[in-house]
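Following: one structure in structure tokens, then a few remarks.
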Amino acid sequence: MSAPLQQFDSKDLKQALKAGTFTMSLGPFAHLVSGSSDALLDFLEDTYRDYNVDLQPRDVTEIVLSLKAPNFVRRFVRRQITPDPGFDVPAVPLPLRMAPLAFEMGLNLSVALKCCRLMTIHAGVVADEKGAIVMSAASGGGKSTLTAALMAEGYRLFSDEFALVDLENASLHPYPRPISLKQQSIPVVRDIVGSDQISDLITGTPKGDIAYCRVKKSDLSADNQTSHAKLILFPRFEEGVSPVARMLNPAEAIMRLIPASTNYNLLGEPAFNAVVKLARNARAYEISYGSTAQSLRLISELGG
Amino acid sequence: MDLQVLKIIVGDKPLPEGFLRQTEVIKFADTNHVLGQMAHQYRREKSPGLADAFKNAKLRSRHDHIMLHFEMERVARALTNSGIKAVVLKGGAYVARGLTASRGRRVSDLDILVASDQLDVTEKLLEAAGWATDEQTDNPYDQQYYREHMHELPPLRHKTRGTIVDVHHSLLPKTARHQVNVSEMMSCAEHLDEEGLWSFQMMDIFIHSAVHAFVDGQLDVPVRTLVELNLLFADLSDTDRDGIVDRAKALGATKAVGLALWSIGRLFAHNQARESSIRLVPAHRHLPLKYALLSKAADNAFSPMAKAFLYVRGHFLRMPFYLLVPHLVRKAVRWRPGQNLPHELPTP
């Protein structure tokens, strides 16, 4: 039966990963993962230790990720790893030690391109009992730092990558995977959450230095409790800028959320209705700030 | 994978027991572009995960079909009052006619066929309506290569919508070893009232699919092609099935249709297809080719060999050596490592 990963024996986990029967269920998705590298197992045993996993699949799933060498030679010489989610991806082979990155990228691509039941928007989401905050920003816009900081403030983490919007009632579904931190955001977040919550640093990846921030146990056990958005933020981190918030009307917010969706065009009308509902029932702001402390103050002033 | 999986995909056999094996079948179907077709054939009780996978696959093809209907309407509009008879080919025709083969099928571009003396006018009209030569082939060599030797114009991409139209003036390259009687097929084409365009009659739709699969290229999407031929054959009326052998002979598509019927007969245990196939291609003929085709579809231990064989055969069929050798040299010189990596995310 499914249980937290750390309760399993390494040997059994390794075998299940090798056989491609290792299953991790989280929020609305079940992921079937295969890969025989120790770097992958080490990462899972560390960063995913509290996640519910199974050694056998409990249902059919479309999210099937295989992590393997790009070719025969690279299994032995200057070993490499690539994610194979079952369709062509623009993934460059990575050195084996970057297995965590290959795993995270592979899962993100799978969810972005396989999920049709929910509208997917590239955004960070956290929530408290009054509602959820959706943060949509371009890569490097400070979304992950802000998400991690809000999580440290006591908010529940939904996801730092995907807002999963219900097509019926526009509620948000939690999908709390580890937060991926890049470059300068790593020391910032380490200061806020403590170094024991951050994975080992992976240096020199195509995205620069990378580390993963662990998710709280209580957030994992609440992975089926949805929430409604109360705030939609378009954050912009700029060195030395004084904090400012500009209110957006729902139409503006909708027009900015749509291009951030990976399946809006595919879903069509239901996705349009969902995003309209999402924006109408929340307040939307564009915020600029020069430090994490500023952004947190700004968000609490806005009613976050 | 065992080719019995094709019977599962078309619903002739139940899914295997166990979620792991079921997930493998779903993944195989998805990778081979037939998950949507499977979703429509499969009506037995489903686990929530399976139901989800099927629903998603149907959603994806629904999106494609909406796009395709829109593009067909735009092409028809662009050609209004020009007197051009544009015949929609392949996936576009299946969707426009609502054939079983279209249900759940993904379609990414629109193929049309026009008479060769109307090719220039067609190109001009489509350009006026916003289509333009695609960046990838917008160089003198590719332009000249397509126009001199191929059976279609270089792909036209719409400047704002990004959708692609392939304009054909024949079904096989001018330089190919086999030729079929295209003008006869065009003269029997039927009007698609909804779109203002045309399609081949049912028998010829099947024959074109067979020709495309077996005497042109290297069977690029083997599983989808074989599943599709089976569904197209199932959609033929009894009269059409009886007449297919004579029609194939009359059009010069004996070998292609013989191989197509042989494949269906063998893979889907279809007796009528098997009997007709023998009338076109005797049972003992083309054995290496037949098994190479199956092996490529099965993606088993022999398929690298089968793929190599079909690759060479594909080029051998497409053009004579005095054209092929310089062309391959040219492609090799232009090739750079990594140039075929996709630049954009694939659409879901």
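Every chain is numbered from 1, with letters handed out A, B, ... down the list of sequences.
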Taking atom [atom1] as the centre, does [X] end up with more than 12 heavy-atom neighbours from other residues, nucleotides or ligands that are less than 6.0 angstrom away?
| X | atom1 | result |
| --- | --- | --- |
| B:K46 | NZ | yes |
| A:Q225 | CD | yes |
| A:F272 | CZ | no |
| A:R74 | CZ | yes |
| B:H212 | NE2 | no |
| B:F302 | CZ | no |

Separation of [Y] [atom2] from [X] [atom1] (nearest 0.5 Å):
| X | Y | atom1 | atom2 | answer |
| --- | --- | --- | --- | --- |
| A:R117 | B:L59 | CZ | CG | 11.5 Å |
| B:K27 | A:F87 | NZ | CZ | 10.0 Å |
| B:H63 | A:N263 | NE2 | CG | 10.5 Å |
| B:N56 | A:L113 | CG | CG | 12.0 Å |
| A:T23 | B:L20 | OG1 | CG | 8.0 Å |

Closest heavy-atom pair and its distance - A:L32, B:T23: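 A:L32 and B:T23 have their closest heavy atoms at CD2-CG2, 3.8 Å.
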Any salt bridge (Lys or Arg N to Asp or Glu O under 4.0 Å) involving residues 22-34 of chain A? Give me the pairs, sequence neighbours left out, ordered by first then second residue.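 For residues 22-34 of chain A, and leaving out neighbouring residues, there are no salt bridge (Lys or Arg N to Asp or Glu O under 4.0 Å) pairs at all.
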Where on B:R21 is there a heavy atom nearer than 4.5 Å to chain A: the side chain, the backbone, both, or neither?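 Answer is neither: B:R21 stays 4.5 Å or more from chain A.
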Residue B:I26 versus chain A: region with a heavy atom under 4.5 Å: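 The side chain, not the backbone.
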Side chains of A:C116 and B:R60 in contact at under 4.5 Å (non-hydrogen atoms):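 Yes, close enough: below the 4.5 Å cut-off.
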Test item: B:D30 and A:K114 side chains (from C-beta on) under 4.5 Å apart, heavy atoms: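 Yes, at least one pair of side-chain atoms sits under 4.5 Å.
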Could you tell me which of B:L35, B:D52, B:T31 has the largest number of non-hydrogen atom pairs under 4.5 Å with chain A?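 Maximum pair count with chain A is reached by B:D52.
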Option that, when pairs with chain A are counted at under 4.5 Å, heavy atom only, ranks first among B:G18, B:S47, B:A51, B:A57: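 Top option by heavy-atom pairs under 4.5 Å: B:S47.
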For residues 88-101 of chain B, dump all side-chain donor-acceptor pairs below 3.5 Å to protein atoms at least two apart in sequence or in another chain.
residue	atom	partner	partner atom	Å
B:R97	NH1	B:E190	OE1	3.0
B:R97	NH1	B:S199	OG	2.8
B:R97	NH1	B:F200	O	2.8
B:R97	NH2	B:E190	OE1	3.0
B:T100	OG1	B:D235	OD1	2.6
B:T100	OG1	B:D235	OD2	2.9

